[in-house]
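Okay, structure first, notes after.
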Amino acid sequence: GAVVSQHPSRVICKSGTSVKIECRSLDFQATTMFWYRQFPKQSLMLMATSNEGSKATYEQGVEKDKFLINHASLTLSTLTVTSAHPEDSSFYICSGRARGGETQYFGPGTRLLVL
Amino acid sequence: GNSVTQMEGPVTLSEEAFLTINCTYTATGYPSLFWYVQYPGEGLQLLLKATKADDKGSNKGFEATYRKETTSFHLEKGSVQVSDSAVYFCALSNKAAGNKLTFGGGTRVLVKP
């Protein structure tokens with residue numbers, strides 16, 4: 001149980017375009033979802049936390065107008081990278097946590113390459 | 001604030017060798033402790049966890065014991081396999097930080113046949 005999927009698994013786009021990444025909890029209701037960014041050979045950096053039906057809370061230094069997060073249902077959150085640039089190229093990972101739960105369950109990640 | 005320190009890798013071992021990855025933490029109160037594993041090109045998978053002092057988490061031959069007196073949560077496996085090659089992350093969460101995960105830097109493990 002506790003499976004989280006992400007789509008797409010990898011995406012290549014041109015500079016200036018926007019990219020949407022979906023994160024779905026398949027067998028549980030994720031009242032809270034988290035979005036992370038991971039650079040090569042580094043640890044995960046938390047970008048934002050979203051609770052279903054509420055605005056996302058962004059970590060310091062993360063541009064909320066650049067990384068739009070929507071958590072419209074208990075099983076789906078989306079991250080949109082707006083006007084992507086090469087420096088946004090990275091591995092983006094989401095996780096979900098059930099209400100009252102402590103454990104985060106992670107998606108398989110989305111590799112974004114901006115040309 | 002919370003912090004997690006784990007040994008830097010890479011750790012290179014032969015198959016059937018004993019693996020230890022050290023992890024120590026700083027946190028207020030009584031955090032929950034986790035080990036996650038990341039295989040190449042994939043997201044993180046929960047390997048094991050412990051929620052209170054002296055608890056032992058175990059899974060797939062891996063074990064870690066929550067040691068409050070030494071603020072440690074070292075990961076061990078008695079006999080590694082090539083398929084254990086991955087990056088291992090130690091992490092903690094507590095209410096003081098809104099139950100967000102704080103990760104260590106990760107330790108890359110390479111098991112050679």
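As the structure is a prediction and not an experimental result, all values here were calculated from the model. Here is how names work: the chains are called A, B, and so on, in the same order as the sequence lines, proteins then strands, and each is numbered from 1.
The contact list for residues 104-113 of chain B toward chain A, using heavy atoms and a distance under 4.5 Å, reads B:Gly104, B:Gly105, B:Arg108 by residue number. Residue-level contacts of residues 33-65 of chain A with chain B, in order of numbering, are A:Phe34, A:Tyr36, A:Gln38, A:Lys41, A:Gln42, A:Ser43, A:Leu44, A:Leu46, A:Thr49, A:Glu59; threshold 4.5 Å between heavy atoms.
Heavy-atom contacts from other residues, nucleotides or ligands closer than 6.0 Å to CD of B:Glu16 number 12 or fewer. Summarising the local packing, NE2 of A:His7 is surrounded by 12 or fewer heavy atoms from other residues, nucleotides or ligands at distances under 6.0 Å. Other residues, nucleotides and ligands contribute only 12 or fewer heavy atoms inside 6.0 Å of the OH atom of B:Tyr30.
A donor-acceptor distance shorter than 3.5 angstrom exists from the side chain of A:Arg97 to the backbone of B:Asn99, with no hydrogens or angles considered.
Side-chain heavy atoms closer than 4.5 Å link hydrophobic residues (I, L, V, M, F, W, Y) into clusters, and following such links, possibly through other members, connects A:Phe67 to A:Val11. Cluster annotation: A:Leu74 and A:Ile69 are assigned to distinct hydrophobic clusters (Ile/Leu/Val/Met/Phe/Trp/Tyr, side-chain heavy-atom contacts under 4.5 Å, transitive). By the rule that hydrophobic residues join a cluster once side-chain heavy atoms approach within less than 4.5 Å of another member, B:Phe89 and A:Phe106 end up as members of one cluster. In this structure, B:Met7 is a member of the same hydrophobic cluster as B:Val4, with clusters built from ILVMFWY side-chain heavy atoms closer than 4.5 Å. Put simply, B:Tyr66 and B:Phe103 are part of two different groups of oily side chains (I, L, V, M, F, W, Y) that touch within less than 4.5 Å, one to the next.
Contacts of A:Thr103 with chain B are made by both backbone and side-chain atoms, with heavy-atom separations under 4.5 Å. In this structure, the portion of B:Tyr36 lying under 4.5 Å from any heavy atom of chain A is its side chain and not its backbone. For B:Thr51, the part lying near chain A is the side chain, with the backbone staying farther off; criterion is any non-hydrogen pair under 4.5 Å. For B:Leu46, the part lying near chain A is the side chain, with the backbone staying farther off; criterion is any non-hydrogen pair under 4.5 Å. In this structure, chain A has no heavy atom under 4.5 Å from any part of B:Gln45.
Between A:Glu102 and B:Leu101 there is no side-chain heavy-atom pair separated by less than 4.5 Å.
Between chain B and the residues A:Ser9, A:Pro108, A:Cys94, the largest count of heavy-atom pairs under 4.5 Å involves A:Pro108.
The CZ atom of A:Phe91 sits 8.5 Å away from atom CD of B:Glu42, with the distance rounded to the nearest 0.5 Å.
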